[in-house]
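Notes follow once the structure below has been shown.
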2 protein chains.
Amino acid sequence: MTTPQLPRTTSRINVIKALAHPSRLTIVEALQSGEQCVCDLRNLVGTDLSTVSKHLAILRSAGLLSMEKRGLKVFYRLSCPCFLDFLNCVDRMSSSTSSSPSCSTAG
Amino acid sequence: MTTPQLPRTTSRINVIKALAHPSRLTIVEALQSGEQCVCDLRNLVGTDLSTVSKHLAILRSAGLLSMEKRGLKVFYRLSCPCFLDFLNCVDRMSSSTSSSPSCSTAG
DNA sequence: AGAATACTTGGCAAAATCGCCAAGTAAAGA
DNA sequence: TCTTTACTTGGCGATTTTGCCAAGTATTCT
């Protein structure tokens with residue numbers, strides 16, 4: 001990384017990189033409908049428990065998830081309700097990829 | 001990638017991964033204020049011209065940028081005007097990282 | 001046509017990321 | 001206390017990404 005970025009760019013990258021992995025995005029999408037424990041998320045993404053745990057740590061350190069231990073289980077939830085907005089924005093951009101020459105801001 | 005993702009997740013990842021690099025995000029941020037040629041973007045990010053060119057190819061293949069050659073120069077611009085919305089969403093999420101326990105959708 | 005400018009592409013080494021296994025921690029139950 | 005369950009962390013090989021150099025392409029100028 002030779003680019004000297006602005007502070008705002010750096011914090012944006014922190015969030016975007018955390019979401020830039022299929023398993024992690026899948027986790028985040030699943031948590032939109034409510035909290036889940038790690039073993040459920042493990043079944044969802046289908047990789048080793050330790051791998052899931054590390055993905056969760058990355059999302060957590062990016063500030064996107066919060067965790068709570070209840071009994072033996074650890075539950076994760078989105079720490080930010082504006083995720084839906086975010087994904088809508090991504091969808092508008094990705095839809096412009098496939099066919100249409102541009103996308104609208106009006107979603 | 002052992003995770004079998006939904007099609008929607010896959011296209012989302014395509015966009016998010018394209019933005020998950022400091023130089024590429026810096027480029028995209030700069031293009032918000034209008035088109036620029038590759039050599040200007042090269043000065044902006046400060047890496048080799050070939051490196052910038054490859055970053056631009058990644059952003060282009062993700063459908064985020066469009067290019068137009070005029071004379072010797074190649075001008076790049078955002079192909080989607082909803083970028084500002086996207087970055088605002090990212091900012092709301094990244095702001096929840098640092099101090100406050102959660103962020104608001106009304107941001 | 002030959003030279004210069006503005007890029008793009010190929011190739012490769014360095015760096016970062018990913019995913020598994022093994023080992024460690026914490027809470028609950030026998 | 002010992003075992004089990006649910007997870008986290010360390011470590012390491014395998015894959016992916018990154019960035020430079022060298023070479024190639026396209027357009028303009030002389």
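Treat the numbers as computed from the prediction; the structure is a model and nothing was measured. In what follows, chains are A, B, ... by sequence order, proteins preceding strands, each numbered from 1.
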Protein proximity profile, nucleotides 23-30 of chain D - base contact B, sugar-phosphate-only contact S, no contact -, cut-off 4.0 Å on heavy atoms | ---BBS--
Rounded to whole Å, please give me the gap between [atom1] in [X] and [atom2] in [N].
X: His55(A); N: dT17(C); atom1: NE2; atom2: P; result: 12 Å
X: Asp48(A); N: dC12(D); atom1: CG; atom2: C1'; result: 14 Å
X: Arg42(B); N: dG19(D); atom1: CZ; atom2: P; result: 14 Å

Give a yes/no on whether any side-chain N or O of [X] is located under 4.0 angstrom from OP1 or OP2 of [N].
X: Ser53(A); N: dT8(D); value: yes
X: Thr51(A); N: dC20(C); value: yes
X: His21(A); N: dT16(D); value: no
X: Tyr76(A); N: dT8(D); value: yes

Going by modelled atom types, is there a donor-acceptor pair between the base of dC20(C) and the side chain of Thr47(A) at under 3.5 Å?
->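 When only heavy-atom distances are counted, Thr47(A) does not reach the base of dC20(C) through any donor-acceptor pair under 3.5 Å.
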Could you name each residue pair satisfying ring-ring contact (aromatic ring centres under 6.0 Å, His included) that touches residues 37-59 of chain A, not counting sequence neighbours?
->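 Pairs touching residues 37-59 of chain A that pass the test: His21(A)-His55(A).
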Nucleotide nearest [X] when distance is taken to its side chain, options [options]:
X: Leu49(B); options: dT18(D), dA16(C), dC7(C); answer: dC7(C)
X: Met67(A); options: dT17(D), dC21(D), dT8(D); answer: dT8(D)
X: Val38(A); options: dT8(D), dG19(D), dC21(D); answer: dT8(D)

Who are the side-chain hydrogen bond (donor to acceptor under 3.5 Å, both in side chains) partners of Ser53(A), not counting sequence neighbours?
->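 Expected list: none.
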Estimated bend of the helix from dA1(C)-dT30(D) to dA30(C)-dT1(D) (axis per five terminal pairs, rounded to 10 degrees) |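 Comparing the axis at each end, I get an angle of 10°.
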Name all pairs fulfilling the salt bridge (Lys or Arg N to Asp or Glu O under 4.0 Å) condition that reach into residues 27-53 of chain B, sequence neighbours left out, sorted by first residue then second.
->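 Qualifying pairs, neighbours excluded: Arg12(A)-Glu29(B), Glu35(B)-Arg70(B), Glu35(B)-Arg77(B).
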Could you pull out the protein-nucleic contacts involving nucleotides 11-15 of chain C (nitrogen or oxygen on both sides, under 3.5 Å)?
residue: dG11(C); atom: O6; partner: Lys54(B); partner atom: NZ; Å: 2.3

